[in-house]
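Contents: one structure, followed by commentary.
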Amino acid sequence: MRLLTHNMLSCNIKGVTNGFPLRLEVEKFVEKEVEFNSDFLKNMFVKIEWKALVNAARSMGYEELPEEADSSMLDSDEFLKKFHHALLELHLEEGALICPETGRRFPVNKGIPNMLLHEDEV
Amino acid sequence: MDHSIQVSPSIRTKEGDEWKNRQVPSRMPSRIAQIRLVSGHPEVYEPCDDSFALVDALLADRMYLLEHKPVLCMEVGCGSGYVITSLAIMLGQGEDVGGIHYFATDINPHAVRVTCETLEAHGVHAEVICDNVASSGLEKRLGGKVDVMVVNPPYVPTPEDEVGRDGIASAWAGGENGRTVIDRILPVADKLLSDRGWLYMVTLTANNPSQICLVMREKGYASRIVVQRSTEEESLHVIKFWRDPDLQVGAAKDPSMATTQRTTSAVVMDSLLSQFPLLSFWRNNNNSST
Ligand SMILES: C[S@@+](CC[C@H](N)C(=O)[O-])C[C@H]1O[C@@H](n2cnc3c(N)ncnc32)[C@H](O)[C@@H]1O
């Protein structure tokens, strides 16, 4: 699971108002090289919750992202490279996503998050 | 159907197996997923006529899709992964355009694993998520961001209590008129799709496709049939929906429903007829590659 995906997931248990961002519990992560495409990053930038990405990357030991970001930084190749790496190249393989409000654990196995809710959570 | 294709008898073993022609012989690089590379599991829906119809619809629209330059594409109910893999192969990762990113989701935990294997076997990538489209809340963060969405939903009319059971039953059980899951997907699709979003969905005649078009029309979508196919058991349509700025949301809430319905069917019929040249063009193309 890429951190782009992490950035799009939230806990949708009935009654939860603060289900985003999910905390990462990292048992195993991998880095996979992905072709760099600056246009894609520019397209995605507005769709990304920056803080969530920074913290997710940090939980995989990647500390290079600036705390704050705005669209003017998209002109910098150095910034884009880091953004690219965090967004697309860091994969959570094994672990879990934890709801910030309830602590509910959504397991991630073989890189696939299981977001299915139990009957009493819908 | 396709008399010009020459296949050795050993390949065309029995009727209904003609899809195997697609794989043999492959002199050209494959434009879609290869059946022999599609992974499987007893609890996961195998690529079938409906899957092929959906992929054919995407192939027929491939040029439009490339011009459309989608950024995020998504399949709901990916099953074996045959469709999302085919889409990722035919559109690529968007190196020359703005980059294309793929998501695939399914409610069946076996299916998402199989989808990953199928994607991997073809050397393409999609982000795979196990969730129930009706309750995942994916639209909270992904709302308005999906440019292309493809769905081959469970559409078979069944008793209501068969819907959403574990395993393979969830692949086809569609409840009354086969509409239960479809009707859950439509509002979510509306939320997920971007302003320029396109939805491709497989339907059965029993699902009352023109009524589905009407429901979507009320949400501001125009529609057309991209592929129509009749098999012994069923008649399938792949319908494409897109937001039409000329359609006012709620405009179809005409007091005379009957008139509106007829108009919609007429539009659908028109577009169906206008599609025939394109379809035959693609068929010819398919022939030349085999
Ligand atoms: C007809 S199969 C299509 C499989 C594959 N896309 C294909 O075309 O071969 C429908 C798929 O939808 C999945 N599905 C059913 N209900 C779902 C739901 N509520 N949310 C997500 N996926 C669902 C099933 O598990 C199944 O894999």
Side-chain angles (χ1 to χ4, degrees), chain A residues 1-22 32-49 52-53 80 83-84 87-89 91-93 97 99 106-122, chain B residues 39 69-74 78 81 92-117 119-120 123-147 164 166 170 184 188 192 194 196:
Chain A
M1 186 195 76
R2 293 175 174 175
L3 295 190
L4 166 56
T5 304
H6 165 260
N7 213 277
M8 297 300 154
L9 296 177
S10 58
C11 170
N12 202 37
I13 293 177
K14 195 175 163 200
V16 167
T17 51
N18 225 347
F20 181 89
L22 299 163
K32 295 182 197 164
E33 207 174 306
V34 174
E35 196 168 328
F36 180 78
N37 184 329
S38 59
D39 288 335
F40 179 73
L41 297 167
K42 288 170 188 169
N43 276 329
M44 284 311 294
F45 181 75
V46 288
K47 304 180 164 100
I48 293 297
E49 286 275 346
L53 180 65
L80 286 177
F83 180 27
H84 171 79
L87 191 71
L88 302 174
E89 296 189 322
H91 289 246
L92 179 60
E93 273 295 301
L97 305 172
C99 169
F106 297 96
V108 177
N109 297 119
K110 295 188 173 164
I112 308 171
N114 185 336
M115 304 305 292
L116 290 177
L117 299 178
H118 308 306
E119 249 168 61
D120 58 352
E121 294 174 327
V122 185
Chain B
S39 191
K69 299 192 175 60
V71 177
L72 295 184
C73 299
M74 178 172 189
C78 51
Q93 303 292 318
E95 295 85 355
D96 321 322
V97 286
I100 309 178
H101 189 87
Y102 301 89
F103 287 106
T105 78
D106 202 290
I107 197 172
N108 177 348
H110 301 296
V112 286
R113 270 196 301 276
V114 169
T115 290
C116 280
E117 290 164 8
L119 286 158
E120 216 160 283
V124 290
H125 183 83
E127 286 287 288
V128 182
I129 302 162
C130 185
D131 74 14
N132 179 343
V133 64
S135 59
S136 65
L138 220 48
E139 65 273 15
K140 281 187 182 165
R141 286 283 299 129
L142 262 181
K145 298 190 175 89
V146 177
D147 300 313
D166 280 354
S170 69
R184 284 179 196 154
V188 179
L192 285 172
S194 68
R196 56 196 202 93

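Keep in mind that this is a model prediction, so the values were computed, not measured.
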Region of A:Asn43 in contact with chain B, defined by heavy-atom distances below 4.5 Å: side chain
Proximity breakdown for A:Asn7 and chain B, heavy-atom pairs closer than 4.5 Å: both
A:Met115 side chain near A:Asn12 side chain, heavy-atom distance below 4.5 Å: no
Plane angle bin for B:His101 and A:Phe40 - parallel if under 30°, tilted between 30 and 60°, otherwise perpendicular: parallel
Contacting region of A:Leu117 [heavy-atom separation from chain B under 4.5 Å]: side chain
Between A:Glu89 and A:His84, a side-chain donor and acceptor under 3.5 Å: yes
Pairs of heavy atoms under 4.5 Å with chain A: top-ranked of B:Ile129, B:Asp131, B:Asn132: B:Ile129
Top contributor to chain B contacts, counting heavy-atom pairs under 4.5 Å, from A:Glu49, A:Lys110, A:Lys42, A:Glu35: A:Glu49
Closest approach of A:Pro113 to A:Met1 (non-hydrogen atoms, all atoms of both residues): CG-SD, 3.8 Å
Option that, when pairs with chain A are counted at under 4.5 Å, heavy atom only, ranks first among B:Gly98, B:Gly144, B:Gly137, B:Ala134: B:Gly98
Residue part contacting chain B, namely of A:Leu41, when any heavy atom lies under 4.5 Å: neither
Donor-acceptor contact present, side-chain B:Gln93 to main-chain B:Gly99, <3.5 Å: no
Contact origin within A:Phe106 toward chain B - heavy atom pairs under 4.5 Å: neither
Distance-only side-chain donor-acceptor flag, B:Asp147 / B:Ser194, under 3.5 Å: yes
Which atoms of A:Glu121 approach chain B - backbone, side chain, both or neither, heavy atom under 4.5 Å: neither
Region of A:Asn37 that comes under 4.5 Å of a non-hydrogen atom in chain B: side chain
Pick from B:His125, B:Lys140, B:Glu127, B:Arg113 with the largest number of heavy-atom pairs that fall under 4.5 Å of chain A: B:Glu127
Interchain contact, B:Ile107 with chain A, by part (heavy-atom threshold 4.5 Å): both
Exercise: identify the closest heavy-atom pair between A:Val34 and A:Arg2: CG2-NH2, 3.7 Å
Aromatic ring proximity, centroids under 6.0 angstrom, A:His6 and A:His91: no
Part of B:Ser135 lying under 4.5 Å from any heavy atom of chain A: both
Worked verdict on B:Ser136 versus B:Thr105 for side chain to side chain contact (heavy atoms under 4.5 Å, CB included): CA-CA 10 Å; B:Ser136 65; B:Thr105 78; over 6 Å; no
Greatest number of heavy atom pairs closer than 4.5 Å to chain B - which of A:Asn109, A:Asp39, A:Ile112: A:Ile112
